[in-house]
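Numbers restart at 1 for each chain; the letters A, B, ... are given by sequence-line order, proteins then strands. Reckoned from all heavy atoms, side chains included, excluding hydrogens, waters and symmetry mates.
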Amino acid sequence: MTLLSLQALTVRRGECPVVDRVSFEVREGEVVGLLGPNGAGKTTLMRGALGLIEATGRSSLAELPAKVRAKAAAWLPQAREIAWPMPVEAVVRLGRLPHGDDGSAAVEQALERMDLGAMRHRPATELSGGEQARVLIARTLAQEAPLVLADEPVAGLDPAHQIATMQVFEKLAREGRGVIVSLHDLGLAVRHCTRLILMQSGQVVADGAPLEVLTPTRLREVFHISAHISESDNGPIFQPLEVIR
Amino acid sequence: MKLYAALAALVAVLFLLSLSVGPAGFGRLWETTGPMPLILWEIRLPRAVLALLIGAALGLSGAAMQGYLRNPMAEPGILGVSGMAALGAVISIHFGLSTLWPLALPLAALMGAVVGVALILALAGPRGGSVTLILAGIAISALAGAFTSLVLNLAPNPWAANEIVFWMMGSLADRSWLHVSLAAPFIIVGAVVLLLQGKALDALTLGEDAAESLGLSLGRVRLWLVLGTAAVVGAGVAVAGSVGFVGLVVPHLLRPFVNGRPSALLPAAALGGAALILAADVAVRILLPTGDLKLGVLTALVGAPLFLHLIWKMRRGLA
């Protein structure tokens with residue numbers, strides 16, 4: 001089933017298109033990594049797809065009424081804001097707002113998946129930045145939406161929780177949901193995403209299987225880097241090496 | 001729930017205390033003959049009811065504004081509506097309308113509040129974020145302050161200026177059922193509107209973007225919050241003048257007891273505000289029985305040091 005369908009989605013800031021005629025579909029079972037250098041338009045693309053900013057073209061999510069969309073897609077913004085000293089559990093429960101229920105089972109599962117059981121009663125604002133990030137990911141999980149859009153969810157997490165978070169996304173996909181995740185860590189993207197979409201200056205320059213997208217030519221032209229890629233028993237290993245100008 | 005019950009009990013006790021205090025003597029609530037029933041019904045009861053309503057209005061709107069702006073320093077006056085209401089009242093005093101007809105002053109204040117709301121909605125636009133709202137509020141407050149100074153400046157004689165200054169200090173002395181009937185509808189309707197925004201304020205804890213993705217219409221929430229706050233604050237200023245610090249301090253004090261949750265804070269702050277104004281209005285009568293200590297002066301005298309203490313505590317928490 002198609003969870004998101006974009007057709008020539010374009011977002012302009014003034015005259016200049018920040019996202020330029022982007023079209024793709026995301027189906028259940030996919031973990032789509034959204035890659036590209038700073039300013040490529042990853043965040044704007046996701047916000048446009050969700051209908052949070054004005055866009056032209058079509059997005060199947062943006063066309064939905066706000067309350068329906070909140071059940072169809074969960075959004076994890078990059079800015080990690082928790083304004084008040086609410087207990088971790090209560091912050092995670094905010095994910096249930098679109099459903100208007102307590103959703104205890106979903107909240108419990110989200111807490112467990114993000115390894116937050118031990119700190120569930122602590123005020124979320126007193127946690128470290130990485131812990132707060134996990135609380136907010138758990139909030140997104142508790143929303144139980146078929147599609148999760150996450151903007152750099154692993155930035156600032158320790159290595160173990162970076163891997164664990166990506167594994168949670170993979171698990172969601174196996175359960176029949178879909179994930180779109182913007183990433184700067186190409187190694188994580190190659191190992192944990194089923195598909196990568198590479199963006200540059202607002203346009204999609206490549207879309208496909210991870211190692212087909214991240215070719216040496218594209219790495220040089222889009223990211224200005226060279227990289228070492230090898231196969232191992234537990235998946236591909238990707239290590240950026242040098243800056244090429 | 002325990003918190004609400006405790007606060008409600010406190011409000012009830014303070015309400016009875018407010019009925020018991022006055023120049024005619026302490027207590028005597030049970031007398032059925034003599035002047036006391038009339039004093040209770042015509043003087044003390046409307047005053048206590050107004051204290052309850054205005055305190056609840058200030059506490060509730062303060063909690064709502066802090067929740068919306070996600071800033072513990074926000075207060076109901078931030079929209080500039082109270083400044084505009086005060087300006088309306090001051091103009092009516094200046095032109096002597098308030099001496100011709102007692103209702104002229106509160107009605108002029110309400111009109112000022114309506115102009116303030118129109119201005120803030122026009123300035124902040126339908127889709128602007130919280131920052132535009134704050135900036136618009138600051139601009140409107142400054143404008144209202146400038147015109148209030150102008151009116152004072154042009155006062156025909158020192159007594160007129162005196163009257164304006166004393167009115168602006170805020171008081172509940174000598175209010176009647178007429179004032180209650182004027183303010184109550186606005187405060188009750190506005191309070192219901194604000195209480196209904198609890199879920200939206202909870203969602204806003206995660207920021208505007210995340211809240212919108214949870215199904216919230218930010219524009220609509222903002223419109224309701226502005227209208228609700230304007231109604232309760234405008235009506236409050238119209239009958240009692242400017243009473244500061246309650247809307248700032250009460251939500252701040254009660255937030256830890258509701259685990260920071262904005263929706264739970266709304267009713268708690270309403271009860272807490274009511275308790276604080278009832279207590280302050282009892283205090284002004286006990287502290288200076290023969291004089292006329294203004295309610296707004298007392299709340300500022302108590303509120304400002306309390307606020308300093310909170311800042312001090314916050315700074316130590318951050319260090």
Side-chain angles (χ1 to χ4, degrees), chain A residues 43-44 46-47 49-54 61-62 64-100 121-126 132 135-140 142-143 145 147-151, chain B residues 62-74 125-131 196-222 251-266 268-269 310 313-314 317-318:
Chain A
T43 303
T44 312
M46 288 196 276
R47 294 185 70 218
L50 282 159
L52 298 176
I53 42 173
E54 297 256 355
L61 281 176
L64 299 173
K67 290 202 193 310
V68 181
R69 187 197 58 214
K71 289 183 190 171
W75 167 231
L76 180 67
Q78 190 180 358
R80 291 164 186 165
E81 186 172 345
I82 304 174
W84 306 114
M86 281 161 66
V88 166
E89 196 182 313
V91 175
V92 174
R93 185 160 289 124
L94 290 177
R96 298 309 297 173
L97 279 174
H99 301 271
H121 298 300
R122 285 178 58 192
T125 42
E126 285 175 14
Q132 289 188 17
V135 172
L136 292 174
I137 297 170
R139 186 280 296 175
T140 320
Q143 205 171 331
L147 182 65
V148 174
L149 293 98
D151 198 4
Chain B
M65 278 296 119
Q66 292 184 3
Y68 174 67
L69 299 171
R70 283 154 287 142
N71 189 330
M73 301 292 154
R127 263 190 88 92
S130 49
V131 178
L196 288 175
Q197 308 307 315
K199 285 242 158 69
L201 295 178
D202 281 353
L204 274 166
T205 302
L206 302 170
E208 296 193 354
D209 226 31
E212 209 171 351
S213 77
L214 284 166
L216 200 76
S217 161
L218 280 181
R220 200 174 306 161
V221 167
R222 199 179 60 160
H252 213 99
L253 283 175
L254 292 174
R255 184 165 289 117
F257 297 98
V258 295
N259 283 325
R261 197 158 146 206
S263 60
L265 182 60
L266 292 177
L310 288 174
K313 240 174 60 183
M314 210 156 96
L318 289 176

Inset, instruction - Select one option (side chain, backbone, both, neither) describing which atoms of A/Val91 are under 4.5 Å from chain B's heavy atoms. - result: side chain
Legend entry - B/Pro256, part contacting chain A, at a heavy-atom distance under 4.5 Å: neither
Inset, instruction - Below 4.5 Å from any heavy atom of chain B, which atoms of A/Leu149 appear? Answer side chain, backbone, both or neither. - result: neither
Legend entry - Shortest non-hydrogen contact between B/Ser213 and A/Gln143, atoms and distance: O-NE2, 3.9 Å
Legend entry - Residue from A/Pro123, A/Pro85, A/Pro87 passing side-chain contact (heavy atoms from CB on, under 4.5 Å) with B/Asn259: A/Pro87
Inset, instruction - State the CG-CH2 distance between B/Leu204 and A/Trp84, to the nearest 0.5 angstrom. - result: 11.0 Å
Inset, instruction - Kindly indicate whether the side chain of B/Glu212, heavy atoms from C-beta on, has any atom under 4.5 Å from the side chain of A/Leu50. - result: no
Inset, instruction - Not counting sequence neighbours, which residues clear salt bridge (Lys or Arg N to Asp or Glu O under 4.0 Å) with A/Asp151? List them please. - result: none
Inset, instruction - Side chain from CB out, backbone as N, CA, C, O: work out which of these in B/Thr205 comes under 4.5 Å of a heavy atom of chain A, or both, or neither. - result: both
Inset, instruction - Mind listing the closest non-hydrogen atom pair of A/Leu94 and B/Ala203 along with its distance? - result: CD2-N, 4.5 Å
Legend entry - CE on A/Met86 to CG on B/Leu206, rounded to 0.5 Å: 7.5 Å
Legend entry - Heavy-atom proximity to chain B below 4.5 Å, by part of A/Pro98: both
Inset, instruction - Just grab all the salt bridge (Lys or Arg N to Asp or Glu O under 4.0 Å) pairs involving residues 79-93 of chain A, residues at least two apart or on different chains. - result: A/Glu81-B/Arg70, A/Glu89-A/Arg93, A/Glu89-A/Arg120, A/Arg93-A/Asp102
Legend entry - Pairwise distance CZ(A/Arg96) to CG(B/Leu214) - rounded to 0.5 angstrom: 11.0 Å
